[in-house]
Amino acid sequence: MHAALFAHLGLPAILFACTAALVAGGVDAMVGGGGLIQLPALLLLIPQTPVTALGTNKLASLVGTCTAAGRYLRRTKVEWHSAAPMAAVALIGALFGAHSATLLPATVLDSIVLVAMVCIGIYLWRNKTMGVVETLRFRAPARVAMMAAGGLVIGFWDGMAGPGTGSLLIFFLVGALGFEFLRASAVAKVVNCATNIGALIVFAPGGSVAWGLAAAMALCNLSGALIGTALATRRGSVFIRKVFFGVVSLLIVSLAGKLALG
């Protein structure tokens, strides 16, 4: 079925999906939010099977996210005693989220994230230096517990295929815990790898991945991730903050438009 889908789409449609994956990989590697670009492109191409679009998006994203995580880990210090539990709990959250993907109306989830993104944008705009300098707010035990709790909630959201997961992870680490943007991006990529794996554990066995299309998009997403991480690590937290603010603004416009159109 999925092989036939890949052939049926044709070269222009596949090139469109791959271009979206390339751009999404770059944006997602820096500040999250790549799903804002990649998932709508898939839903446009295969609107009859949205679950297949979700599964294909997860596989393509996983390759780019893991690539970005590896690049960040070579250039940025990550405290594994806190990042690893957060990733593990987020994977569990994503499993439950993927299982629950059809239970809660999408408009409810989109409304929740829209409100969250507006609050994030206002908070970031009012706090001009947030995330530029790292000022951790909690001692290690409390920080590990808070990161695990945040990972569970955001992982559940990602399993339900919600937009803006990477951006939510970064803002949580920067706004609630005091990370600077560069290290927050590194931890977010590690956690996002786990949430993608958790969702795929549910989607893949159910036949909800178009493997041929996902493979082509994964290569482009990987290329975008290499470009994005190179820019982020070279330009630093001030640059990431600016890109993050731009992506949050786009997420707000996208979600508001989606809700307005019903």
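Nothing here was measured: the structure is a model prediction, and the numbers come from that model.
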_Short side-chain to backbone donor-acceptor contact, T52 and V209, under 3.5 Å_ =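 No, T52 side chain to V209 backbone: no donor-acceptor pair under 3.5 Å.
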*Quick one: which of L39, N196, L200, D158 gives a side chain to side chain contact (heavy atoms under 4.5 Å, CB included) with S61?*
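Looking at L39, N196, L200, D158, the match for S61 under the side chain to side chain contact (heavy atoms under 4.5 Å, CB included) is N196.
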*Could you point out which residue of L169, V89, T195 forms a side chain to side chain contact (heavy atoms under 4.5 Å, CB included) with I154?*
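The residue from L169, V89, T195 that satisfies side chain to side chain contact (heavy atoms under 4.5 Å, CB included) with I154 turns out to be L169.
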Hey, could you give me the [atom1]/[atom2] distance between [X] and [Y], rounded to the nearest 0.5 Å?
X: Q38; Y: T19; atom1: CD; atom2: OG1; value: 11.5 Å
X: N57; Y: L42; atom1: CG; atom2: CG; value: 6.0 Å
X: T229; Y: L182; atom1: OG1; atom2: CG; value: 10.5 Å
X: T165; Y: N192; atom1: OG1; atom2: CG; value: 6.0 Å
X: L231; Y: F239; atom1: CG; atom2: CZ; value: 5.0 Å
X: I201; Y: L91; atom1: CD1; atom2: CG; value: 5.0 Å

*Can W211 and T56 be said to form a side chain to side chain contact (heavy atoms under 4.5 Å, CB included), step by step?*
CA-CA 7 Å; W211 294 99; T56 303; over 6 Å; no
*Evaluate the side chain to side chain donor-acceptor pair (under 3.5 Å) criterion for residues T233 and R75: first the C-alpha distance (whole Å), next the side-chain angles of each, then the deciding distance (0.1 Å), finally the verdict.*
CA-CA 7 Å; T233 53; R75 303 185 184 197; 2.9 Å; yes
_Using side chain to side chain contact (heavy atoms under 4.5 Å, CB included), reason through M147 and F138 one step at a time and then give a plain yes or no._
CA-CA 11 Å; M147 288 173 69; F138 302 95; over 6 Å; no
*Tell me, do K189 and D28 make a side-chain contact under 4.5 Å, heavy atoms counted?*
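Yes, their side chains come closer than 4.5 Å.
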*Start with the C-alpha gap between L173 and M146, add the side-chain angles, then the distance that decides, and say whether side chain to side chain contact (heavy atoms under 4.5 Å, CB included) holds.*
CA-CA 10 Å; L173 292 166; M146 286 189 68; over 6 Å; no
